[in-house]
Undergrad: 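What follows is a structure written as structure tokens; I'll ask about it next.
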Protein chains: 2
Amino acid sequence: MSRNVTIKDIAKEAGVSISTVSRTLNNAPLVTPEKRQRVLEVIGRTGYEPNASAQGLVRGKSMTIGVLTQDIASPFYDEITRGIDAGFSGSGYQPIFVNGHWDAQDEVTAVLALTRRQVDGLIVLGGRLPEAQLHALSKRFPLLMVGRFVPELSHCCLRVDHVHGARLATRHLIELGHRRIAHIAGISSHKDAADRLEGYRLALAEAGLEFHPELVYEGEFDEPSGILAVESWLAQGIHFSAIFAANDQMAYGARLALYRRGIRVPEDVSLVGYDDLPASHFSLPPLTTVRQPLFEMGELAAQTLLRRLHTPDSEVPDVAVTLNVRESTCYHRR
Amino acid sequence: MSRNVTIKDIAKEAGVSISTVSRTLNNAPLVTPEKRQRVLEVIGRTGYEPNASAQGLVRGKSMTIGVLTQDIASPFYDEITRGIDAGFSGSGYQPIFVNGHWDAQDEVTAVLALTRRQVDGLIVLGGRLPEAQLHALSKRFPLLMVGRFVPELSHCCLRVDHVHGARLATRHLIELGHRRIAHIAGISSHKDAADRLEGYRLALAEAGLEFHPELVYEGEFDEPSGILAVESWLAQGIHFSAIFAANDQMAYGARLALYRRGIRVPEDVSLVGYDDLPASHFSLPPLTTVRQPLFEMGELAAQTLLRRLHTPDSEVPDVAVTLNVRESTCYHRR
DNA sequence: CTGAAAGCGCTTACAG
DNA sequence: CTGAAAGCGCTTACAG
């Protein structure tokens, strides 16, 4: 663990001043080709790596972007994360991911780890960080939010129309002849979940169908919730010919619960998810679902943030959701 | 975007020197309670956050650990990643994740982004980084490898006995009466894949069963590979009553291909995976698989690295694989 | 117990 | 075109 080689070592070795080394490193114009050459040679030979802390200190920026995710490894956030990573690749900016665990306290701590490291911008994925803090953060550097909408910070939010998405899903089932359509909702305090429930109700109303509260089960966006939803309906003798789940993970759980009861999908019950996780291509059967272009959303967030570093009021593009019809839905057989 | 408050501002405001501020910040002993109090009060009021770059520069360490992953969001690496995150939580060290994309060139670039940032240690997940470079890295700071084994750096590797794991899987199928057991192998240049193939062959040999090369299909560790494997066997009219896939993702693909052909699991064909991804609990049917404790492996890697920061030769614990029998396997009906 | 000073590794005006 | 010098925000001997 020998001392790292510094700019001084390079300067001495190449017989120039550290200024010259710095200049050739940063592609500043005023360096003689010969000196430049010499410096480059020494750098290559010694494997010199500029110290990012030192650069960050003097430049006042860290070339680092913080990303506050809630679950560093859920299939939903993963796709976004991967998009973010792709969006920053080649930009010179390094994303740093921290985990908020859907806990306001943890999120505050996580954000502190980021700001102490002088991140030049921040992307927030979902979460429960108090709006006041988001506000304060947005004053310090470019802030972008994905999977969460805060009205007063609407110019910082990547907007996805979940009311519309849920409507597409429900309408699809209605068009297939389904009348008793159950809904596995998300956590009701989440705006996204509430929007999807609203879209579901809207589609029912548009078709002149009655809304049955007993056909809505509030889950927690995970697989076990889907299992519980189905078991609860079955135990109560509640009938339905289709299920619209507020996310794919709950749809997977519902699928398993139906399988255990010998109920076939889609022959007996049609099933629609939401998100279009990569795994939904390969689920049994491949899942009809509302697609959120998660990867692209991550990429977009990264690109917009990058743009705002220079042009603070760049627009955030809108994101369109679409319905991906696969094999888990079919005509209702009366 | 006003200037950040620095230690100088605090010192001036509290009427002390910056040394005193620094000392109270670092819980150094020699500070009068009154001054300490005063400083703390000003810090709380102003929301001062020490600049991590400056601290890193003078301390010579960044309190940052690099993690080179290959795919920042694959279900396999995710669980490990989440374990790593948990393992560092509360330690004061921040993991920084970068993406190598299973490409030696990208990995070199990614590692450079890390070393330039003066990471105090490195965890490498899989990948193709040249051994020489791994060697060099291991001299600079504690290095830990997960999902890759390099003989000369064995003290840096978290070892998992995949020969044993594959043997468990294959033996299980043999005990269920299966004789023609197909194997969807991983990429043959991967040590892990080769080990699993070897375990498969070993179990066959131990049971006195012949090895049939046509029953082995080389996949790429993803779902489409599983589909292709099954389709290839079926197209060639090759018979089998069980499949052992070298990872869960390929098992999911195989499952879908069998479903499309109307072949039931486990009634017609038994299926065993490898890894025990979280999704395998909820697959249809829940998948029998060899469990790698991925989360714990990540946690272990983080903890060992942390320990080595102070005690360079701390041991890396061994990791045990186990067979998780669920519902995708059953007795062979002749 | 406390402050002035040196120094971490860089960048960037400022003189030449 | 090039170097000496100041300074980024901290920590840590070194004197008091």
Side-chain angles (χ1 to χ4, degrees), chain A residues 1-40 42-43 46-64 92 112 115-120 140, chain B residues 1-40 42-43 46-64 92 112 115-120 140:
Chain A
M1 314 221 181
S2 49
R3 197 177 60 75
N4 284 326
V5 10
T6 74
I7 198 172
K8 272 188 206 155
D9 303 316
I10 304 296
K12 192 185 303 170
E13 185 84 11
V16 298
S17 73
I18 61 167
S19 309
T20 299
V21 176
S22 175
R23 287 191 188 101
T24 102
L25 238 25
N26 295 294
N27 291 313
L30 333 122
V31 184
T32 337
E34 301 90 80
K35 294 209 174 187
R36 190 184 171 66
Q37 213 36 258
R38 211 160 356 125
V39 170
L40 253 23
V42 177
I43 286 175
T46 55
Y48 165 71
E49 298 169 0
N51 182 318
S53 291
Q55 291 182 319
L57 187 55
V58 52
R59 287 180 176 154
K61 44 188 262 181
S62 62
M63 298 305 285
T64 262
L112 183 61
T115 51
R116 281 178 40 106
R117 288 194 162 71
Q118 313 293 117
V119 293
D120 302 321
R140 289 178 68 171
Chain B
M1 314 216 182
S2 50
R3 197 177 60 75
N4 284 327
V5 12
T6 74
I7 198 172
K8 272 189 207 157
D9 302 317
I10 304 296
K12 192 185 303 170
E13 185 83 11
V16 299
S17 73
I18 60 166
S19 310
T20 300
V21 176
S22 175
R23 286 190 190 103
T24 102
L25 238 24
N26 295 294
N27 292 313
L30 332 123
V31 185
T32 337
E34 301 89 81
K35 297 209 173 190
R36 191 184 170 66
Q37 213 37 257
R38 213 162 354 128
V39 170
L40 253 23
V42 177
I43 287 176
T46 55
Y48 165 71
E49 299 168 0
N51 181 318
S53 291
Q55 291 182 319
L57 186 56
V58 52
R59 287 180 176 154
K61 44 188 263 184
S62 64
M63 298 305 285
T64 261
L112 183 61
T115 52
R116 280 178 40 106
R117 288 194 162 71
Q118 313 295 116
V119 293
D120 301 321
R140 288 177 67 170

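Values reported hereafter were calculated over all heavy atoms of this structure, with side chains retained and with hydrogens, waters and symmetry mates removed. To find a chain, count down the sequence lines: A is the first, B the second, and so on, and within it residues start at 1.
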Undergrad: Is there a side-chain contact between B:Thr6 and the phosphate of D:dG9, meaning an N or O under 4.0 Å from OP1 or OP2?
TA: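 So the side chain of B:Thr6 is outside the cut-off, no N or O lying under 4.0 Å from OP1 or OP2 of D:dG9.
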
Undergrad: I'd like to check A:Arg117 versus B:Met63 (side-chain heavy atoms, cut-off strictly below 4.5 Å). Are they in contact?
TA: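 Touching, per the 4.5 Å side-chain cut-off.
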
Undergrad: Any side-chain N or O of A:Asn26 less than 4.0 Å from the OP1 or OP2 oxygen of C:dT11?
TA: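 Yes, within the criterion.
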
Undergrad: Rounded to whole Å, how long is the line connecting atom CD1 of A:Ile18 with atom C1' of D:dC8?
TA: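 That distance rounds to 14 Å.
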
Undergrad: Of the listed nucleotides (C:dC8, C:dG3, C:dT12), which one gets closest to any side-chain atom of B:Leu57?
TA: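 So the side chain of B:Leu57 is nearest to C:dC8.
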
Undergrad: Name every donor-acceptor pair, under 3.5 Å, that has one atom in a side chain of residues 28-39 of chain A and the other anywhere in the protein, sequence neighbours excluded.
TA:
residue	atom	partner	partner atom	Å
A:Arg36	NH2	A:Asn27	OD1	3.1
A:Arg38	NH1	A:Ala14	O	2.7

Undergrad: To the nearest 0.5 Å, tell me how far B:Thr20 OG1 sits from B:Ile10 CD1.
TA: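 Interatomic distance, B:Thr20 OG1 to B:Ile10 CD1, rounded to 0.5 Å: 13.0 Å.
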
Undergrad: Of B:Val58 and B:Gly15, whose nearest nucleotide on DNA chain C comes first from the 5' end?
TA: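 Result of the comparison: B:Gly15.
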
Undergrad: Donor-acceptor pair, B:Ser22 side chain versus B:Ile18 backbone, under 3.5 Å?
TA: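 Side chain of B:Ser22 to backbone of B:Ile18, a donor-acceptor pair under 3.5 Å: no, none is there.
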
Undergrad: Identify, with sequence neighbours excluded, every residue that meets side-chain hydrogen bond (donor to acceptor under 3.5 Å, both in side chains) alongside B:Thr24.
TA: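 Counting only residues at least two positions away or on another chain, B:Thr24 forms no side-chain hydrogen bond (donor to acceptor under 3.5 Å, both in side chains).
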
Undergrad: What heavy-atom pair brings A:Thr6 and A:Asp9 nearest, and what distance separates the two atoms?
TA: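 Taking A:Thr6 first and A:Asp9 second, the nearest heavy atoms are N-OD2, 2.7 Å.
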
Undergrad: Using the C1' atom as the reference point in each nucleotide, state the distance between D:dT12 and D:dG16 in Å, no decimals.
TA: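 Going atom to atom, C1' in each nucleotide, I get 16 Å.
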
Undergrad: Would one find a side-chain N or O of B:Ser17 under 4.0 angstrom from OP1 or OP2 of C:dG3?
TA: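 B:Ser17 to C:dG3 OP1/OP2: side-chain N or O found under 4.0 Å.
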
Undergrad: In whole angstrom, give the distance that lies between atom CZ of A:Arg59 and atom P of C:dC8.
TA: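 One finds 20 Å between P of C:dC8 and CZ of A:Arg59, rounded.
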
Undergrad: Please list each protein N or O that sits under 3.5 Å from an N or O in nucleotides 14-16 of chain D, with the distance.
TA:
none

Undergrad: Among the nucleotides C:dT2, C:dT11, D:dC10, which one has an atom lying closest to any side-chain atom of B:Ile7?
TA: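 Closest nucleotide to the B:Ile7 side chain: D:dC10.
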
Undergrad: Would you check if there is a donor-acceptor pair between the side chains of A:Thr115 and B:Glu49 at a distance under 3.5 Å?
TA: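 Yes, side-chain donor-acceptor contact under 3.5 Å.
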
Undergrad: State which residues pass side-chain hydrogen bond (donor to acceptor under 3.5 Å, both in side chains) with A:Gln55; sequence neighbours excluded, sorted by chain then number.
TA: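 Partners of A:Gln55 under the side-chain hydrogen bond (donor to acceptor under 3.5 Å, both in side chains) test: B:Arg116.
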
Undergrad: Could you check how far CG of A:Asn27 sits from P of C:dT12, rounded to whole Å?
TA: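 A:Asn27 atom CG is separated from C:dT12 atom P by 13 Å.
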
Undergrad: Heavy-atom distance under 4.5 Å between the side chains of A:Gln118 and B:Asn51, does that happen here?
TA: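 Sidechains of B:Asn51 and A:Gln118: in contact.
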
Undergrad: NA contact type, B:Thr32, heavy-atom cut-off 4.0 Å: base, sugar-phosphate, or nothing?
TA: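 Sugar-phosphate only.
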
Undergrad: So A:Thr20, base contact, sugar-phosphate only, or nothing? Heavy-atom distance under 4.0 Å.
TA: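 Sugar-phosphate: the residue A:Thr20, judged by heavy atoms under 4.0 Å, touches backbone atoms but no base.
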
Undergrad: Would you mind reading off the distance between A:Lys12 atom NZ and D:dT2 atom P, rounded to a whole angstrom?
TA: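 Interatomic distance, NZ of A:Lys12 to P of D:dT2: 20 Å.
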
Undergrad: Using a 4.0 Å cut-off on heavy atoms, which residues in residues 48-56 of chain B reach DNA chain C? List them by number, or say none.
TA: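 The answer is none.
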
Undergrad: For B:Arg36 and C:dC1, give me the distance from atom CZ to atom P, rounded to whole Å.
TA: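 Atom CZ in B:Arg36 sits about 12 Å away from atom P in C:dC1.
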
Undergrad: Measure the spacing between OG of A:Ser17 and CD1 of A:Ile7 and express it to the nearest 0.5 Å.
TA: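 With rounding to 0.5 Å, OG (A:Ser17) is 8.5 Å from CD1 (A:Ile7).
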
Undergrad: How many Å lie between CZ on A:Arg117 and P on D:dC8, as a whole number?
TA: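 From A:Arg117 CZ to D:dC8 P: 23 Å.
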
Undergrad: Rounded to the nearest Å, what distance is computed from the CE atom of residue A:Met63 to the C1' atom of nucleotide C:dC10?
TA: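 The answer, rounded to whole Å, is 15 Å.
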
Undergrad: Can you measure B:Arg38 atom CZ to C:dC1 atom P for me and round it to whole angstrom units?
TA: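 After rounding, the gap between these two atoms is 16 Å.
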
Undergrad: With a cut-off of less than 4.0 Å, is there a side-chain N or O of A:Lys8 near OP1 or OP2 of D:dG3?
TA: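 So the side-chain polar atoms of A:Lys8 never come under 4.0 Å of the phosphate oxygens OP1 or OP2 of D:dG3.
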
Undergrad: Using a 3.5 Å limit for the pairing distances, which stems of at least 3 consecutive Watson-Crick or G-U wobble pairs does DNA chain C take part in?
TA: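 Stem segments, range with range: C:1-3 with D:14-16, C:5-12 with D:5-12, C:14-16 with D:1-3.
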
Undergrad: For residues B:Leu25 and B:Tyr48, report the shortest heavy-atom separation together with the two atoms involved.
TA: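 Closest pair (atom of B:Leu25, atom of B:Tyr48, distance): CD2-CE2, 3.5 Å.
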
Undergrad: Return the nearest nucleotide to the side chain of A:Lys35; candidates are D:dT2, C:dT12, C:dA5.
TA: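 Of the options given, the side chain of A:Lys35 lies nearest D:dT2.
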
Undergrad: Considering non-hydrogen atoms only, spot the tightest contact between A:Val119 and A:Ser62 and give its length.
TA: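 What the structure gives for the nearest pair is CA-OG, 3.6 Å.
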
